Amino acid sequence: MIDNNSDAILQLLKVEKDARLISIGESVLQSRRISEDDGLYLFEKAPLGYLGALANFIREKKHGNKTYFNKNFHIEPTNICLYTCTFCSYSRLIKKREEGWEYTLEDIMQIVRSYDDKPVTEVHIVGGVLPQYDVKFYTTLFKEIKAHRPELHIKALTPVEYHYIFKKEKMTYEDGMALMKESGLDSMPGGGAEIFAPEIRDQIAGGKCSGDQWLKIHEIWHQLGMKSNATILYGHIENYGHRIDHLEQLRKLQDQTGGFQTFIPLKFRNQDNQLSHLPECSSIEDMRNYAISRIYLDNFDHIKSYWPMIGRDMAQLSLAFGVDDIDGTIDDTTKIYSMAGSEEQNPALTTEELVRLIKSVGRQPIERDTLYQQIQDYTNVTFEGDHEYKGYISLPVV
Ligand code: V47
Ligand code: SF4
């Protein structure tokens with residue numbers, strides 16, 4: 001394990017010989033918040049090892065070696081969308097409707113029922129935006145899911161869908177979100193955030209809700225006492241200033257509401273979309289981005305790497321760069337990433353595989369529910385044919 005002693009870490013950081021990096025490091029080690037300028041300086045100047053040491057310090061202070069995962073499944077009601085986000089490989093324009101899918105309420109309930117005998121705790125529902133998926137559709141769906149399986153946590157839709165359906169209904173965000181809560185919505189996933197800065201958002205987000213509207217809907221949801229996640233889509237046409245601005249806006253809102261649970265950096269993937277000409281950023285940049293997110297968002301409890309997108313190896317590596325959660329899923333049905341060129345074309349991991357993946361990098365696997373309540377600690381659970389994990393090295397059991 002990496003030593004969590006701040007003096008030792010400070011000595012390590014001094015290898016850098018950059019006075020500003022040393023001073024930022026001291027702030028972090030003394031739990032002082034860093035400024036936007038400091039954040040930008042980290043993006044521009046900080047080497048990977050420096051960022052890893054600091055981010056891991058925070059991660060271990062908050063969670064020790066605990067690494068969270070959950071058992072969930074995804075439902076994507078449609079991949080046809082009115083919007084035209086340039087990074088999206090998943091949606092089919094309305095004029096190519098025949099190439100996509102449009103599930104009815106009954107189709108979706110059939111998927112929900114197909115998990116009846118599986119130990120999942122969450123259903124994650126998100127997809128394209130189409131007129132038939134309106135307030136009535138979603139409130140009926142949430143109620144039907146709750147009637148069928150009351151303990152299944154519904155994490156569904158983003159401000160992109162909510163803004164659209166409330167506007168169509170001439171309903172305020174306040175009334176709309178209160179109605180969703182009443183209908184059974186338990187939490188909101190972090191999607192649709194992309195990059196808040198209008199000069200970038202206007203170029204990539206295809207006319208969907210603005211950054212301010214995204215933040216407002218989360219704020220209202222938090223004021224109802226509810227939780228949500230946040231994301232950033234990075235590595236396309238934005239610059240480091242835009243990334244820090246995005247983190248700053250989230251940190252500010254979190255100071256006010258405390259309603260965000262986890263931050264999920266999403267790496268732009270370039271297959272089959274209008275931004276395919278852009279190169280994808282390197283794995284080193286991904287790790288730097290996780291680490292800076294961990295350092296900057298001092299008021300977020302969790303940083304998640306989404307393994308179906310970055311692959312299992314990189315998800316393991318991210319656990320040394322501030323990440324404490326690798327999502328989960330025993331039988332993933334999401335297509336958002338496989339269609340965009342992610343590492344995992346058919347992302348599904350059994351609990352055993354997920355547990356081994358975490359243990360083999362010296363961490364402690366904890367199954368959680370959506371609200372981060374512990375369901376099971378797998379540290380001392382062994383599976384047939386298991387290897388014995390000694391720190392970072394896995395040895396065959398003799
Ligand atoms: O908002 C779309 C992203 C998001 C691409 O809250 C792309 O637990 C990379 O938000 N390359 C939706 N990313 C997924 C999402 C999410 C995923 C896992 C867990 C949670 C959570 C939330 O996917 C979209 C967009 O930012 N996305 N296309 C692409 N080509
Ligand atoms: Fe539609 Fe979402 Fe794709 Fe944008 S990212 S085109 S809103 S499905």
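Each ligand, and each atom within it, is numbered from 1 in the order the structure gives. Since the model is a prediction, treat every value here as computed from it, not as a measurement.
Heavy atoms of Pro189 found under 4.0 angstrom from ligand 1 belong to the backbone as well as the side chain. Of all the heavy atoms of Tyr306, the ones lying under 4.0 Å from any atom of ligand 1 belong exclusively to the side chain. At a heavy-atom distance under 4.0 Å, only side-chain atoms of Asn273, from C-beta outward, approach ligand 1.
Here's the thing with Lys208: none of its N/O atoms is less than 3.5 angstrom from an N/O atom of ligand 1. For ligand 1, the polar-atom distance check finds an N/O of Asn229 within less than 3.5 Å of one of the ligand's N/O atoms. Residue contacts with ligand 1: Gly190 is placed with a nitrogen or oxygen under 3.5 Å of a nitrogen or oxygen of the ligand (distance criterion only). For a threshold of 3.5 Å applied to N or O pairs, the pair formed by His74 and ligand 1 contains no separation below that value. An N or O contact shorter than 3.5 Å links Gly192 to ligand 1 by distance. Considering backbone and side-chain atoms together, Ile264 places no N or O closer than 3.5 Å to any N or O of ligand 1. No N or O atom of Thr231 sits closer than 3.5 Å to an N or O atom of ligand 1. Of the polar atoms of Gly191, at least one N or O is found under 3.5 Å from an N or O of ligand 1, judged by distance alone. Residue contacts with ligand 1: Lys155 is placed with a nitrogen or oxygen under 3.5 Å of a nitrogen or oxygen of the ligand (distance criterion only).
For ligand 1, the atoms sitting less than 4.0 Å from at least one non-hydrogen atom of Ser89 are 30 (N), numbered in the order shown with element in parentheses. Near Phe268, with a cut-off below 4.0 Å to any heavy atom, the atoms of ligand 1 are 9 (C), 11 (N).
For Asn380, the CG atom is loosely surrounded, since the number of other residues' heavy atoms within 6.0 Å does not exceed 12.
Judged purely by distance below 3.5 Å, without hydrogens or angles, the side chains of Arg59 and Thr67 pair a donor atom with an acceptor atom. For the residue pair Gln132/Glu102, the side-chain donor-acceptor check at 3.5 Å is satisfied. There is a side-chain donor-acceptor pair under 3.5 Å between Ser31 and Lys61. Of the N and O atoms on the side chains of Ser27 and Gln30, not one donor lies less than 3.5 Å from an acceptor on the other residue. Residues Glu60 and Asn56 have side chains that bring a donor and an acceptor to within less than 3.5 angstrom of each other. When only modelled atom types and interatomic distance are considered, Asn70 and Asp369 share no side-chain donor-acceptor pair under 3.5 Å. With hydrogens and angles left out, the side-chain atoms of Ser318 and Ser305 include a donor and acceptor closer than 3.5 Å.
Each of Gln249, Arg243, His242 was scored for a side chain to side chain donor-acceptor pair (under 3.5 Å) with Asp245, with one residue passing: Gln249. Exactly one of Asp325, Asp324, Asp327 qualifies for a salt bridge (charged side-chain N to carboxylate O under 4.0 Å, His left out) with Lys304. That residue is Asp327.
The two residues Pro189 and His124 make their nearest non-hydrogen contact at CB-NE2, 3.5 Å.
Using the six-membered ring where Trp is involved, Tyr372 and Tyr68 have ring planes that are perpendicular, over 60° apart on the 30 and 60° scheme.
Close to ligand 1: Lys267, with a non-hydrogen atom less than 4.0 angstrom away.
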Please table the atom pairs, donor to acceptor, closer than 3.5 Å between any side-chain atom in residues 206-214 and protein atoms at least two apart or in another chain.
unit_1 : atom_1 : unit_2 : atom_2 : d
Lys208 : NZ     : Glu194 : OE2    : 2.7
Ser210 : OG     : Asp212 : N      : 3.4
Ser210 : OG     : Gln213 : N      : 3.0
Ser210 : OG     : Gln213 : OE1    : 3.3
Gln213 : OE1    : Ser210 : N      : 2.8
Trp214 : NE1    : Gly191 : O      : 2.9

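Protein N/O/S atoms closer than 2.8 Å to atom 4 (Fe) of ligand 2, listed by chain and residue number, are Cys85 SG.
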